[in-house]
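To keep things clear, I will list the structure first and then write my remarks on it.
As the structure is a prediction and not an experimental result, all values here were calculated from the model.
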Amino acid sequence: MGNKKNTYKKIITFMILALAGVFITLCTWKKEIGYLLHQENYKTVMIDDFASLEHQDCEISVDGNIVITGDDPWIEVPVDCIVSRITVCMANMISSAHIETQVYYDNGSDYHEDNSKTQFFYNGENTVYAEQFVEKIRLDFIDVEKNVALDVDYISVNPEISHGNWKALFISAGWSLGYLLLFILMRNQRCLFKGNKKKEILIFLIIMLAAAGFNYTLMKLHLPMYLCILGGVSVMGFSLFWQLFLYEADSKRKVCCFLTGAFFLYVLWAATQAFGHTPDEGMRYLIPQYIMNHGRLPMGTDPEIIETTWGTSYGFIPTVSYIPAGILMKIISILGGSGKLIYLAARIPSCIYAVTAVSFSYKTGKLLFSEKSAWLFTCLTALLPQFIFISSYVNCDAFSMMSVTILFWAVLEGKRKNWDIKNLVMIGTGVSLCLLSYYNSYGIIAAAVLYCVLSVCCQKYKCENDSGELSFSRKKVREEKALFIMKCAGIIAITVALLTGWWFVRNYLLYDGDLLGLRTSRATMEQMAADGMKPSQRISYMEAGYSLKQMLIDGKWIEKTSKSFVGAFSYMSIWMSTATYWIYGIVILLGVLGNFCCYPCVTGKWSKDINPKDKEFGYKKSVCDDAMCKESKYEEKGWIGYLALIAAIGLTVFISLYYSYVKDFQPQGRYILPLMPALGILITIGYDKWLRYLPEKFAGIIKTVLTAGWFIMGMLAYVLYIAPVYY
């Protein structure tokens, strides 16, 4: 009797969960259902007779050429249907050009600000959405000069019900039920929960509702089906991680779920953003395209990769990060892919570099922090909007972040293992990757060298004297330390020479002794760049006689760099809200201040064994396990670590600042992004110090809330600032 009762309970529970999934599915796909019920109110209009459009202050020819004749020009598009989208295809615009356009929807009550939206129109298809019955749509071109011609290929109005109607319902239902079955499977395997059934069901429903809500939001933004699938998979990966995070489970499963969700999130961004709407992507894309076409690395002076405006190419700087992109593009082209698929293939390696960086961030966090603090540290980098952004297009920045995180982990692991040969080779590999990435990561190399040297120099060694007894001998210690440092430096130098030497030898042979290629690049720019873009014609802040303060304050270098460090997208034309920057700023500032405002950070070790009660908040020992050495007073108080972190942050900021002031004004946060691992360590330490004063249970809850909040903000960046612009 009892078994039957339990069976009935299981059946009822399953039915309730299944009905919840169906209900969520119906809510998610109500637009498709509405289309099936009201097809007569939908229609597709291809407007190619441009001369028939109503317009003001612009001349529209039959072939689509629009000539601006006055200020604030606008054109009207007759619709008279339930509109899903209006697509305006622009042609013959340079890749960096964009036109700010305000779109008004007339639903019988004339145009109104509340019934409009503003977005940028770029070269190619530009899509604007409205889910309502409208009679006309008006496009207002903002701040466009007179006598400017805009070449419009076509304008179309389309309900964009491209998901296969009933087929889409089955796909969505399958997604929800698949998630349900995964939950049941993992519950039966006892790999998620502790056995509290009510709590299990409640948490599952909350996570499923959150995942379905995110999917619903993506559908409201009219994203194509493949983007909704990417979004669903990324949320599923993160939600599984979150269930594992809330309960005790194998760390490998947590890492696997988190990295899966992160990868699909980065691919989601990569698949959403239009090609060429990201910093220098059009110019960088020429490198992997050349590799795809010719099967070799290009010379910096090759005409195929030179951008005519700047008169130079990215072939002069290390091109290692583009090799996987070129190979993947070649594979896709052989399989018959073309167009957007090849563009996406070029971006996928950046997603992989980013996931690798996240993986090594977690490994670094595990060396320094407790479990929850390690995850907080990992999320600080993995879900920072600007990091997600650089992980989604063709660039060197994602490769640079991967190199920096590998170097951080290698140095800390080398310290823990007393600098054995394996870890010295890993440090050399990290340095090599940084050298082959981008100049903005070079400050991290200097900080890593500083930390390694000081760690060895400040350790106290017990050495054998002539009688064979153990004692402290300063002279012998100095000699042994000097030999040990030389040995370590030699192994690292050999590794770096083997991994990077070929590039500089190649430059020496190709560019008449120019090891870095910078001199040749400047000469090429002077010869081939457009007027006004030649190095001799561009005046820096320093050459113009401006002070550093004027650049930082009046030129808004500090403001633009700090904001875009958090997140600024496209050509720094898509900014997040002021409130968003304030939230990120406060969270970061509080974490950093915790290092200086809390007494334990001055007197306590970077050790998890300070006090048994502090195991949740301290730091694992970063000293060697060799019985022949012990910590000095500097390591006990963590000053060497703090000095290295501050050096990493300071040098990275200095390099970007120097370049903007002396060479080319570039207040872009992505140039200082390599400091994020160092900053993340300081933030995590700071919150550990603040939370040291709270009971362990409440401190754990606050850490969970911080991690969840950072995750939510990262996901909202896509929903609020990326998807609305491109779809």
Side-chain angles (χ1 to χ4, degrees), residues 284 287-288 291 297-300 313-325 349-350 352-354 356-357 360 364 390 394-414 423-453 488-511 513-522 644 647-656 658-659 663 670-678:
R284 293 181 182 277
I287 306 294
I291 296 172
L297 293 177
M299 288 181 59
S313 73
Y314 280 107
F316 291 105
I317 63 175
T319 55
V320 175
S321 61
Y322 302 115
I323 295 176
S350 293
I352 297 173
Y353 299 148
T356 306
F360 277 94
T364 301
I390 65 148
V394 182
N395 60 70
C396 289
D397 300 293
F399 188 82
S400 176
M401 286 297 295
M402 179 190 73
S403 307
V404 167
T405 54
I406 290 175
L407 182 57
F408 263 85
W409 171 80
V411 168
L412 291 173
E413 182 72 4
N423 291 107
L424 290 175
V425 171
M426 281 301 303
I427 292 173
T429 303
V431 172
S432 301
L433 292 174
C434 287
L435 289 173
L436 293 175
S437 60
Y438 211 41
Y439 70 86
N440 58 349
S441 65
Y442 291 1
I444 307 298
I445 298 176
V449 172
L450 176 68
Y451 179 78
C452 294
V453 173
C488 293
I491 295 173
I492 293 173
I494 292 172
T495 305
V496 172
L498 291 175
L499 294 178
T500 66
W502 65 272
W503 174 260
F504 299 104
V505 171
R506 178 179 183 270
N507 283 353
Y508 181 86
L509 297 175
L510 291 178
Y511 309 130
D514 187 7
L515 286 174
L516 300 178
L518 298 178
R519 174 169 49 82
T520 309
S521 176
R522 184 179 178 87
I649 294 171
L651 288 172
T652 305
V653 174
F654 172 78
I655 290 172
S656 178
Y658 175 84
Y659 186 83
K663 295 182 179 287
R670 63 191 180 97
Y671 290 142
I672 63 171
L673 207 56
L675 63 79
M676 189 59 205

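Minimum heavy-atom separation, Gly443 to Ile655: N-CD1, 3.7 Å. Residues Tyr442 and Cys434 share a closest heavy-atom pair of CE1-O, 3.4 Å. Taking both residues in full, the closest heavy atoms of Ile291 and Tyr322 are given as CD1-O, 3.8 Å, listed atom of the first, atom of the second, then distance. Nearest heavy-atom pair, Pro324 versus Tyr353, reported as atom, atom and distance to 0.1 Å: CG-OH, 3.2 Å. When all heavy atoms of Val320 and Leu436 are compared, the pair lying nearest together is CG2-CD1, 4.0 Å. Between Ile649 and Ala678, the shortest heavy-atom distance links the atoms CG1-CB, 3.9 Å.
Put simply, the side chain of Pro298 reaches to within 4.5 Å of the side chain of Ile287, judged on heavy atoms. The shortest side-chain heavy-atom distance between Leu412 and Thr364 falls under the 4.5 Å cut-off. Counting heavy atoms from C-beta outward, Asn395 and Arg670 have side chains that stay 4.5 Å or more apart. By the 4.5 Å heavy-atom criterion applied to side chains, Thr405 and Met676 are not counted as neighbours. Ile323 places a side-chain heavy atom less than 4.5 Å from the side chain of Leu297. Using a 4.5 Å heavy-atom threshold, the side chains of Pro318 and Tyr438 count as separate. Residues Thr319 and Tyr314 have side chains not in contact (no heavy-atom distance under 4.5 Å, counting atoms from C-beta outward).
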request  = Take Val411 and Cys452, measure what side-chain contact (heavy atoms from CB on, under 4.5 Å) needs, and give me the verdict at the end.
outcome  = CA-CA 7 Å; Val411 168; Cys452 294; 4.0 Å; yes
inquiry  = Show, in sequence, the C-alpha distance, side-chain angles and deciding distance for Ile444 and Phe408, and conclude whether the side-chain contact (heavy atoms from CB on, under 4.5 Å) test is met.
reply    = CA-CA 9 Å; Ile444 307 298; Phe408 263 85; 3.7 Å; yes
task = Please test Thr652 against Tyr671 for side-chain contact (heavy atoms from CB on, under 4.5 Å), starting from the C-alpha separation and ending with a verdict.
result = CA-CA 8 Å; Thr652 305; Tyr671 290 142; over 6 Å; no
key: Residues Ser441, Ser403; criterion side-chain contact (heavy atoms from CB on, under 4.5 Å); working and verdict   = CA-CA 8 Å; Ser441 65; Ser403 307; 5.7 Å; no
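In this structure, Asp397 contributes its side chain and Ile390 its backbone to no donor-acceptor pair below 3.5 Å. Tyr511 places a side-chain N or O within donor-acceptor distance of the main-chain N or O of Gly300, the cut-off being under 3.5 Å.
From Met402, atom CE reaches atom SG of Cys396 across 11.0 Å, with rounding to the nearest 0.5 Å. In this structure, Ile406 CD1 and Thr429 OG1 are separated by 8.5 Å, a value rounded to the nearest 0.5 Å. Atom CH2 of Trp503 is separated from atom CG of Leu435 by 12.5 Å, given to the nearest 0.5 angstrom. Taking OH of Tyr659 as the start and CG of Asn440 as the end, the distance is 11.0 Å to the nearest 0.5 Å. In this structure, CG in Leu515 is found 13.5 Å from CZ in Arg506, a value given to the nearest 0.5 Å. Of the inter-residue distances, the one linking Leu673 atom CG with Met401 atom CE reads 4.5 Å to the nearest 0.5 angstrom.
Ring geometry, Phe360 versus Trp409: the interplanar angle exceeds 60°, so the pair is classed perpendicular (tilted spans 30 to 60°).
The salt bridge (charged side-chain N to carboxylate O under 4.0 Å, His left out) check on Arg284 picks up nothing, with sequence neighbours excluded. With sequence neighbours excluded, the residues satisfying side chain to side chain contact (heavy atoms under 4.5 Å, CB included) with Leu651 are Ala446.
Tested against Cys488 for a side chain to side chain contact (heavy atoms under 4.5 Å, CB included), the candidates Ile427, Val453, Leu424 yield a single pass: Leu424. For the side chain to side chain contact (heavy atoms under 4.5 Å, CB included) with Val496, the qualifying choice from Ile491, Ile445, Val431 is Val431, the only one to do so.
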